[in-house]
2 protein chains.
Amino acid sequence: MQKKEKACPEVATCSVDYAFKRIGGKYKGRILWYLHEHAILRYGELNRTLPDITTKMLTQTLRELEADNLIDRKVYLEVPPKVEYTLTEVGKELIPFISYLKEWGDKQIEAEKTKAK
Amino acid sequence: MQKKEKACPEVATCSVDYAFKRIGGKYKGRILWYLHEHAILRYGELNRTLPDITTKMLTQTLRELEADNLIDRKVYLEVPPKVEYTLTEVGKELIPFISYLKEWGDKQIEAEKTKAK
DNA sequence: CTGTATCCCCCCAGATACTG
DNA sequence: CAGTATCTGGGGGGATACAG
């Protein structure tokens, strides 16, 4: 059964939309931030740093970030295997903004606490 | 039919996660940005500004933003009805970051074009 | 003009098992 | 250690109709 094509398949309607498509998603923000804090993180370290993520989602998200040129993936050919993830230059450009967002988040969380009392 | 409040579905694992939960979603970024650009927008104007949104999603998203105290909703009791949306002070605090993100997006889009040629 | 109310599809993401 | 593979469901979001 032919369904009508969706209104906007994949083209971003504006640059804000474009940017949100690239850093949106359930885990991307945190991954980028943790990579900023630690500079280099291995797969297992990321998995432990994000307690609620599954290996499937972690791999998938990392691949998307890599495809979008926000992170680098370096594989060491040794046993046991070792893979390191780092921010690319383009990815690093996002840090000031995530940093700002984090401060805003901290502030709001604090405000909520005060209000609750 | 009242549904359970959606403003804070789950506990955020960190402030980055918290912030992304509040501005994430398919349309929130653009809505906040357009409200910044125009200061005041009516429901119909927002609907026209986001060509790919349905009334259902627009209403739903606006309600969430309102519940999160990022936008204000002012109703004029007249015929025909008139509703105006504006950014709250808390919402305005997000503008520098969205602005930064927009510039980043513009830059990436430009870079993609150059690369394509 | 500013929304509600339904119906329903698709896909994100979780759970689990397995592999080089 | 660093991932695939497969199955599954829940809900985000689309289309449409209608109301105050």
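Note on naming: letters A, B, ... go to the chains in the order of the sequence lines (proteins, then strands), and numbering restarts at 1 for each one. Values below: all heavy atoms of this structure, side chains included; hydrogens, waters and symmetry mates excluded.
For A/Glu37, the salt bridge (Lys or Arg N to Asp or Glu O under 4.0 Å) test picks out no residue, with sequence neighbours left out. With sequence neighbours excluded, the residues that form a ring pair (Phe, Tyr, Trp, His ring centres under 6.0 Å) with B/Trp33 are B/His36. In this structure, the side chain to side chain contact (heavy atoms under 4.5 Å, CB included) partners of B/Arg48, at least two apart in sequence or on a different chain, are B/Glu45.
In this structure, a donor-acceptor pair under 3.5 Å is present between the side chains of B/Tyr43 and B/Thr59.
Of all non-hydrogen atoms in B/Leu32 and B/Ile23, the two that sit nearest each other are CD1-CG2, 4.1 Å. In this structure, B/Lys26 and A/Asp17 approach most closely via the heavy-atom pair O-OD1, 4.1 Å. Of all heavy-atom pairs between A/Val90 and B/Trp104, the closest is O-NE1, 3.6 Å.
Under the 4.5 Å side-chain criterion, counting only non-hydrogen atoms from C-beta, A/Arg22 is not in contact with A/Lys28.
Protein atom CZ of B/Arg48 is 13 Å distant from nucleotide atom P of C/dG3, rounded to whole Å. Separating the CD atom of A/Gln60 from the P atom of D/dG3 is a distance of 14 Å, rounded to the nearest angstrom. Rounded to whole Å, atom C1' of D/dA2 lies 12 Å from atom CD of A/Glu78. Atom C1' of nucleotide C/dG3 and atom CG of B/Leu46 are separated by 13 Å, given to the nearest angstrom. Rounded to whole Å, atom C1' of D/dG12 lies 10 Å from atom CD of B/Glu64. Between B/Leu58 atom CG and D/dG13 atom C1' the separation is 13 Å, expressed in whole Å. Protein atom NZ of A/Lys21 is 13 Å distant from nucleotide atom C1' of D/dG13, rounded to whole Å. Between A/Arg73 atom CZ and D/dA2 atom P there is a gap of 10 Å when expressed in whole angstrom units.
One axis for each end of the helix from C/dC1-D/dG20 to C/dG20-D/dC1, each built from five base pairs, and the angle between them comes to 60° at 10° resolution.
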Exercise. Which parts of nucleotides 15-20 of chain C does protein reach within less than 4.0 Å, heavy atoms only, written one letter per nucleotide 5' to 3' as B for base, S for sugar-phosphate only and - for none?
Worked result: B----B
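Atom OG1 of residue B/Thr88 and atom CD of residue B/Glu93 lie 8.0 Å apart, to the nearest 0.5 angstrom.
In the region residues 27-45 of chain A, proximity to DNA chain D at under 4.0 angstrom, judged on heavy atoms, holds for A/Arg42, A/Tyr43, A/Gly44.
Checking A/Leu58, A/Thr61, A/Leu65 one by one against A/Tyr27, the side chain to side chain contact (heavy atoms under 4.5 Å, CB included) holds for a single residue, A/Thr61.
By the 4.0 Å N-to-carboxylate-O rule, B/Lys107 lies too far from B/Glu110 to be salt-bridged with it.
Contacts of A/Tyr85 with the nucleic acid, taken as non-hydrogen atoms under 4.0 Å apart, involve only primed sugar atoms and P, OP1 or OP2.
For the pair A/Arg63 and D/dA2, the criterion of a side-chain N or O lying under 4.0 Å from OP1 or OP2 is not met.
Among the nucleotides D/dC1, D/dG13, C/dG14, the one closest to any side-chain atom of A/Pro80 is D/dC1.
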